[in-house]
Amino acid sequence: MTRRDLFHKWLIYALALVPVWLMDAQILPRLPLFGVTPMLLPLAAAAVAVLEGAYAGTGFGLAVGLWWEAAYPGGFGGLVFGLALAGLIMGHLSQYVLRQSFPGYLLCAAGLLCALDGLRVARGLLTHAADLGAMLRVAAPEVLWSLVWSPLVWLLFRAVYRRVGGTRLA
């Protein structure tokens with residue numbers, strides 16, 4: 001692939017991330033279900049990691065983590081490296097253990113969402129923000145509500161992958 005092809009490919013992936021982010025930041029927070037809103041950006045990172053593999057998943061996870069840290073207040077920078085590491089792990093899992101399909105994506109996305117909320121719960125326990133039961137009553141519905149949106153995110157990034165993914169532009 002030429003540099004132009006690579007630039008075009010990742011520009012299309014970045015443009016596909018924009019509606020996901022708009023849903024995540026502007027539309028879904030106005031429609032909470034059981035008091036929680038879904039997290040869609042990790043779903044996007046998981047989709048690209050599963051479709052493109054470990055190295056591309058690492059780069060896209062890094063970009064999504066940077067976007068997430070810049071767009072939402074209160075971050076400490078950990079999501080940048082955390083999503084990059086998650087992209088690497090999910091990419092390897094999809095290449096060598098799971099299939100590059102929706103069930104493989106769903107397993108990776110569920111694992112990523114559980115890890116993110118698990119870290120939030122751990123941080124809340126360490127800072128004595130709330131008791132474990134209260135935090136789990138928020139974390140579990142948040143993971144499930146996020147997974148409800150996973151088919152939509154998968155279909156969007158699968159369509160992009162079919163158009164420009166892999167070495168299609170070469």
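With rounding to the nearest 0.5 angstrom, the CG atom of Leu125 is 8.5 Å from the CG atom of Asp131. Expressed to the nearest 0.5 Å, how far SG of Cys108 lies from CD1 of Ile89 amounts to 10.0 Å. Taken from NE2 in His128 to CG in Leu126, the straight-line distance is 7.5 Å, to the nearest 0.5 Å. Taking CD of Glu52 as the start and CZ of Phe60 as the end, the distance is 9.5 Å to the nearest 0.5 Å.
Side chains of Leu83 and Leu62 form no contact here, defined as non-hydrogen atoms less than 4.5 Å apart. Between Leu107 and Phe102, the closest side-chain pair of non-hydrogen atoms is not below 4.5 Å. The shortest distance between side-chain heavy atoms of Trp145 and Phe34 does not fall below 4.5 Å. Side-chain contact between Leu79 and Leu66: absent, with no pair of heavy atoms (C-beta onward) separated by less than 4.5 Å. Between Arg3 and His8 there is no side-chain heavy-atom pair separated by less than 4.5 Å. For the pair Leu147/Leu106, a side-chain contact is recorded, criterion being any heavy-atom separation below 4.5 Å from C-beta on. For the pair Leu40 and Leu43, the minimum side-chain heavy-atom distance is below 4.5 Å. Phe157 places none of its side-chain heavy atoms less than 4.5 Å from the side chain of Arg162.
A single hydrophobic cluster is seen to contain both Val160 and Leu155, as judged by linkage of ILVMFWY side chains at heavy-atom distances under 4.5 Å, directly or through other members. Hydrophobic clustering, with ILVMFWY side chains joined whenever heavy atoms are under 4.5 angstrom apart, groups Tyr161 together with Leu6. Both Leu156 and Trp10 are members of a single hydrophobic cluster when ILVMFWY side chains are connected at heavy-atom separations under 4.5 Å. Hydrophobic clustering (ILVMFWY, side-chain heavy atoms < 4.5 Å, transitive): Val143 and Val153 are in one cluster. If you chain together hydrophobic residues whose side chains sit under 4.5 Å apart, Val64 and Leu22 fall into the same group.
Heavy-atom neighbours of Tyr72 OH from other residues, nucleotides or ligands within 6.0 Å: above the threshold of 12.
In this structure, Ser146 contributes its side chain and Met39 its backbone to a donor-acceptor pair below 3.5 Å. Checked by atom type and distance alone, the side chain of Arg163 never pairs as donor or acceptor with a backbone atom of Ala159 at under 3.5 Å.
Listed here is the closest heavy atom pair of Leu112 and Pro42: CD2-O, 3.4 Å. Nearest approach of Val80 to Glu69, heavy atoms of both residues: CG2-CG, 3.8 Å. Summarising the geometry of Leu28 relative to Pro38, their closest heavy-atom pair is CD1-CG, 3.4 Å, with the distance given to 0.1 Å. Across all non-hydrogen atoms, the minimal contact from Asp117 to Ala139 is OD2-O, 3.3 Å. In terms of heavy atoms, Ala49 sits closest to Ser94 at O-OG, 3.7 Å. Considering all non-hydrogen atoms of both residues, Met23 and Pro29 come closest at O-CD, 3.8 Å.
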- request: Please step through side chain to side chain contact (heavy atoms under 4.5 Å, CB included) for the pair Trp154 and Val50, ending with a clear verdict.
  value: CA-CA 10 Å; Trp154 171 257; Val50 167; 4.1 Å; yes

- request: Test Leu17 against Leu41 for side chain to side chain contact (heavy atoms under 4.5 Å, CB included), laying out the working first.
  value: CA-CA 8 Å; Leu17 187 61; Leu41 290 179; 3.8 Å; yes

- request: Please lay out, stage by stage, how Arg158 and Leu51 fare under the test side chain to side chain contact (heavy atoms under 4.5 Å, CB included).
  value: CA-CA 7 Å; Arg158 178 73 176 154; Leu51 291 169; 3.7 Å; yes

task: Determine, step by step, whether Val148 and Leu144 satisfy the side chain to side chain contact (heavy atoms under 4.5 Å, CB included) criterion, reporting the C-alpha distance in whole Å, the side-chain angles of both residues, the deciding distance to 0.1 Å, and the verdict.
output: CA-CA 6 Å; Val148 166; Leu144 294 174; 5.8 Å; no

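Classification of the Trp21-Trp67 ring pair by plane angle, with boundaries at 30° and 60°, yields tilted.
Checked by atom type, the side-chain pair Tyr105/Gln100 shows no donor-acceptor distance below 3.5 Å.
The residues Glu142 and Arg137 are annotated as not salt-bridged, no charged nitrogen and carboxylate oxygen being separated by less than 4.0 angstrom.
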